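Here is the structure we will look at.
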Amino acid sequence: MLRVLAVDDEKPALGELLYLLRSDPRVRSADGATDATEALRRISRALDGGPDGEDGIDVVFLDIHMAGLTGLDVARLLAEFTRPPLIVFVTAHEGFAVQAFDLKAVDYVLKPVRRERLAEAVRRVSDLTAAARGVRQSPPANGVDAGAAGGGAAPDRPGSAATGPLVTGSTAPGTAPEQIPVELGGVTRFVPIDEIAYVEAQGDYARLHTAEGSHLVRIPLSTLEERWASRGFVRIHRSHLVALGRIDELRLDAGATTVRVGTAELAVSRRHARQLRDLLMRHARG
């Protein structure tokens with residue numbers, strides 16, 4: 001069960017959050033702090049006592065706008081520790097989501113907090129902490145460390161790659177899965193990859209464009225390029241990945257190459273232009 005610290009400088013908001021957290025059966029304890037200084041003092045004491053200590057904290061539910069240090073400042077400080085608690089931001093402001101996930105937040109919950117939305121955040125934290133405890137407690141098989149056997153070290157914290165599964169669906173070996181999970185308004189939906197026309201890079205994120213709209217996911221474009229090559233996605237520019245079958249038109253004008261994908265016109269870089277023309281010719285023949 002989870003040991004929670006909630007931090008908010010508005011006492012009514014903190015009281016409501018603590019009430020909701022304490023009513024969740026997955027939460028063993030939930031304590032509150034009304035400023036960043038108090039929160040950091042409690043977290044430092046918890047870290048000194050170790051993950052199984054009496055004052056241990058598994059997750060911090062953290063407001064962003066607070067007097068003095070902000071929630072983002074606290075998260076940056078915690079990132080310096082080897083095994084910091086997980087972080088869930090709870091805020092009335094939508095505009096900090098990208099920064100929050102850059103800081104490895106597990107979730108980003110908007111105020112006013114709905115019970116079912118908070119329960120989803122608790123579920124995510126619970127799943128991550130359970131997985132981390134299982135890794136710590138399970139002895140190595142045949143004397144071989146699981147991380148070493150896989151060719152890499154185990155992450156220091158369970159939330160260090162908190163993007164969720166990259167793709168889902170039943171697949172055969174060597175075949176890309178069929179769906180990708182995206183979150184909209186606290187609800188996770190699964191977008192069929194075949195419905196995605198093109199992908200736009202936005203830093204360490206990618207925006208998936210479909211006929212119905214777009215979705216931001218915390219996955220680099222280079223990762224999607226590698227994973228979706230078998231589904232006909234091709235890189236046409238450092239900022240764009242396109243489904244070959246969704247290209248309606250290829251244009252060459254004064255040495256500049258562009259493609260039309262639905263109503264969008266996308267630039268093709270010189271280094272990708274020849275390969276794209278060859279791929280389109282093969283696609284048209286076959």
Side-chain angles (χ1 to χ4, degrees), residues 1-47 49 53-81 83-130 157-159 162-164 182-188 216 218:
M1 296 177 69
L2 298 174
R3 299 159 299 176
V4 178
L5 177 65
V7 188
D8 197 316
D9 62 352
E10 296 182 2
K11 289 186 178 180
L14 178 60
E16 176 67 14
L17 180 58
L18 287 171
Y19 171 78
L20 293 173
L21 288 167
R22 288 166 180 164
S23 66
D24 192 302
R26 293 163 294 193
V27 174
R28 185 170 88 189
S29 63
D31 296 318
T34 55
D35 60 60
T37 302
E38 181 186 356
L40 288 169
R41 185 166 55 248
R42 292 195 184 193
I43 294 167
S44 295
R45 187 167 64 242
L47 293 173
E54 183 179 341
D55 298 314
I57 297 172
D58 297 307
V59 58
V60 181
F61 283 75
L62 189 58
D63 188 22
I64 288 182
H65 277 300
M66 297 186 291
L69 291 175
T70 69
L72 295 171
D73 293 330
V74 172
R76 292 187 187 100
L77 290 170
L78 293 181
E80 301 299 320
F81 291 93
R83 293 184 182 274
L86 299 174
I87 294 173
V88 173
F89 284 104
V90 183
T91 178
H93 304 276
E94 297 183 6
F96 297 99
V98 172
Q99 294 179 61
F101 287 118
D102 280 343
L103 291 166
K104 311 302 182 187
V106 174
D107 210 341
Y108 192 89
V109 179
L110 290 175
K111 297 178 179 178
V113 178
R114 294 180 291 113
R115 182 185 294 270
E116 60 272 19
R117 180 64 183 89
L118 187 64
E120 171 62 17
V122 171
R123 181 197 65 77
R124 294 181 182 186
V125 172
S126 182
D127 288 349
L128 287 169
T129 54
R157 59 179 289 189
T163 59
V182 300
E183 184 169 322
L184 182 62
V187 177
T188 300
L216 190 67
R218 190 155 53 101

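Please read all numbers here as calculations on a predicted model, not as lab measurements. These numbers come from the heavy atoms of this one structure, side chains and all, not from hydrogens, waters or symmetry mates.
Sequence neighbours left out, the pairs with a member in residues 21-34 that pass side-chain hydrogen bond (donor to acceptor under 3.5 Å, both in side chains) are Ser23-Arg115, Asp24-Arg26. For residues 86-98, there are no side-chain hydrogen bond (donor to acceptor under 3.5 Å, both in side chains) pairs, not counting sequence neighbours.
Taking both residues in full, the closest heavy atoms of Leu62 and Ala75 are given as CD2-N, 4.3 Å, listed atom of the first, atom of the second, then distance. Nearest approach of Tyr108 to Phe101, heavy atoms of both residues: CB-CZ, 3.9 Å. Residues Ile87 and Val59 approach most closely at N-CG2, 4.4 Å, considering heavy atoms.
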Donor-acceptor pairs under 3.5 angstrom involving side-chain atoms of residues 10-18: please list them, not counting sequence neighbours.
none

Contacts table for residues 64-73: side-chain donor-acceptor under 3.5 angstrom, sequence neighbours left out:
unit_1 : atom_1 : unit_2 : atom_2 : d
Thr70  : OG1    : Leu72  : N      : 3.4
Thr70  : OG1    : Asp73  : N      : 3.1
Thr70  : OG1    : Asp73  : OD2    : 3.2
Asp73  : OD1    : Arg76  : NH1    : 3.2
Asp73  : OD2    : Thr70  : N      : 3.0

Listing, residues 39-47 side-chain donor-acceptor contacts under 3.5 Å, not counting sequence neighbours, or none:
unit_1 : atom_1 : unit_2 : atom_2 : d
Arg42  : NH1    : Gly32  : O      : 3.2
Arg42  : NH2    : Gly32  : O      : 3.3
Arg42  : NH2    : Glu38  : OE2    : 3.0
Ser44  : OG     : Leu40  : O      : 2.9

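Asp58 places a side-chain N or O within donor-acceptor distance of the main-chain N or O of Arg3, the cut-off being under 3.5 Å.
With sequence neighbours excluded, the residues that form a side-chain hydrogen bond (donor to acceptor under 3.5 Å, both in side chains) with Glu116 are Arg114.
The CG atom of Asp107 sits 9.0 Å away from the CZ atom of Arg123 when rounded to the nearest 0.5 Å. Remark: Leu118 CG to Leu20 CG distance equals 6.0 Å, nearest 0.5 Å.
Contact of the Phe61 side chain with the Val109 side chain is not registered, since no non-hydrogen atoms from C-beta on lie closer than 4.5 Å. With contacts defined as side-chain heavy-atom distances shorter than 4.5 Å, the pair Val125/Leu2 qualifies. Side chains of Arg124 and Leu86 form no contact here, defined as non-hydrogen atoms less than 4.5 Å apart.
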